[in-house]
Amino acid sequence: MDKKRVLITGAAGFLGSHLCDRFIAEGFDVVGMDNLITGDLKNIEHLFKLPEFVFYEHDVSNYVHVSGHIDYILHFASPASPIDYLKIPIQTLKVGSLGTHNLLGLAKAKNARILVASTSEVYGDPHVHPQTEDYWGNVNPVGPRGVYDEAKRFQEAMTMAYHTFHGVETRIIRIFNTYGPRMRLNDGRVLPAFIGQALRGEDLTVFGDGSQTRSFCYVDDLIEGIYRLLLSDYSGPVNIGNPDEITILDFADEIIKLTNTSQKVIFKPLPKDDPTQRQPNISLARKILGWEPKVSRQEGLKITYDYFKSLPEEALFKNEHNNFEKYIKR
Ligand code: UDP
């Protein structure tokens, strides 16, 4: 029998590269695709020698061609940090909208099942807490986060339309804050920001008064949830995240203890439209996937800290690790 073949977009990114590893371990052939705008080939270089893996450098906002059969598509290409989508807002909108459209078209042509990576950001600054899948959200379309949030909301609508109108098998995952090895140390998100600051001997920058909350999920738990959702028969959106909620100020204290740094917290202005609270309600994932997170924040942070410590010294002081300039047309 032919092996199952999966196309993973955003393959050189944080989540995409972990997905490549998982699907290869499960016996799939993997086609990785990435335009390397925020991804890094280092995340997948260990796969290049494997016959089960091929990689294409391509921007999925443009027409996507893959020869041969494809059984599954996982669309994980997108800038995912608020700092990134401020810098590349149009690319962010395009990959979530045009990119999704291209991949849905490919799924239809190949008779493949497609899972798209949506986000807790579809809930915006939520008025329902914890967030359930039936909450429609509170998003500012013209705010700085709008380019990501609205692209992902469009993505969900387009995915449902392909499902109902064309009968394409679709899955939608709403991903909450996730962390682990292969995050970019300088991507601006809170966990790499705090750990990077501790490692460089800088104070930890808490935005606002630090009373806003997030709920952090370790990457292995998330990948397990994605795997189960892909193989399930549920086509509505499903939250995957860890409900263990913490304020950003308490989180900074945890990182100070973890890294044993003598630095302290300093306060900086809160970015516009920064959500005040976020926690996934995962009852649906528990019910239909039998899934719940297994890795505590204490365990996950330790693994992630060890990863960041193992990076070469220059990674700590690099301003940005991406190819924005290559892509931005001025
Ligand atoms: N944050 C912070 N200091 C930083 C980076 C982020 O206090 O150096 C805060 C940010 O304002 C937000 C939370 O940490 O309230 C999580 O930010 P992140 O960028 O990781 O992701 P978000 O969940 O906002 O998309």
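Numbering of ligands and ligand atoms starts at 1, following listing order. Computed over heavy atoms, backbone and side chain alike; hydrogens, waters and symmetry mates excluded.
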Would you mind telling me if ligand 1 is within reach of the side chain of [X], the backbone, both or neither, using heavy atoms under 4.0 Å?
X	answer
R278	side chain
M183	neither
N177	side chain

Protein contact to [atom] [nearest heavy atom, distance to 0.1 Å]:
atom	answer
atom 22 (P) of ligand 1	R214 NE, 3.7 Å
atom 24 (O) of ligand 1	R145 NH2, 2.7 Å
atom 1 (N) of ligand 1	F207 CD1, 3.5 Å

Does the N or O separation between [X] and ligand 1 drop below 3.5 Å for any pair?
X	result
Q212	yes
R189	no
A193	no

Per the ring-ring contact (aromatic ring centres under 6.0 Å, His included) rule, what does the pair list look like for residues 271-291, sequence neighbours excluded? none
State whether the number of non-hydrogen atoms from other residues, nucleotides or ligands found under 6.0 Å of N140 atom CG is greater than 12. yes
Please identify which atoms of ligand 1 are closer than 4.0 Å to at least one heavy atom of [X].
X	answer
P82	19 (O), 25 (O)
I248	7 (O), 13 (C), 14 (O)
F194	3 (N)

Aromatic Y227 / basic R22 pairing, under 6.0 angstrom, 45° off normal: yes
Does [X] pair with [Y] as a salt bridge, N-O distance under 4.0 Å?
X	Y	value
D244	R297	yes
R189	D84	no
D149	R153	no

Assess S81 for proximity to ligand 1: is some non-hydrogen atom of it under 4.0 Å away? no
Would you call F251 a ligand 1 contact, heavy-atom distance under 4.0 Å? no
Judged on heavy-atom distance to atom 14 (O) of ligand 1, which of T276, V190, D274 sits nearest? V190
Should one rank T205, V206, D149, L249 by closest heavy-atom distance to atom 8 (O) of ligand 1, which comes out on top? T205
Does any non-hydrogen side-chain atom of T100 lie less than 4.5 Å from one of H75? yes
Begin from the C-alpha positions of T276 and D125 and carry the test side-chain hydrogen bond (donor to acceptor under 3.5 Å, both in side chains) through to its verdict. CA-CA 6 Å; T276 47; D125 192 0; 3.0 Å; yes
Apply the test side-chain hydrogen bond (donor to acceptor under 3.5 Å, both in side chains) to residues T205 and Q197: give CA-CA distance (whole Å), side-chain angles for both, the deciding distance (0.1 Å), then the verdict. CA-CA 8 Å; T205 53; Q197 286 160 345; 2.8 Å; yes
With side-chain hydrogen bond (donor to acceptor under 3.5 Å, both in side chains) as the test, would you mind laying out the steps for Y218 and E299 before giving the verdict? CA-CA 9 Å; Y218 185 64; E299 287 170 87; over 6 Å; no
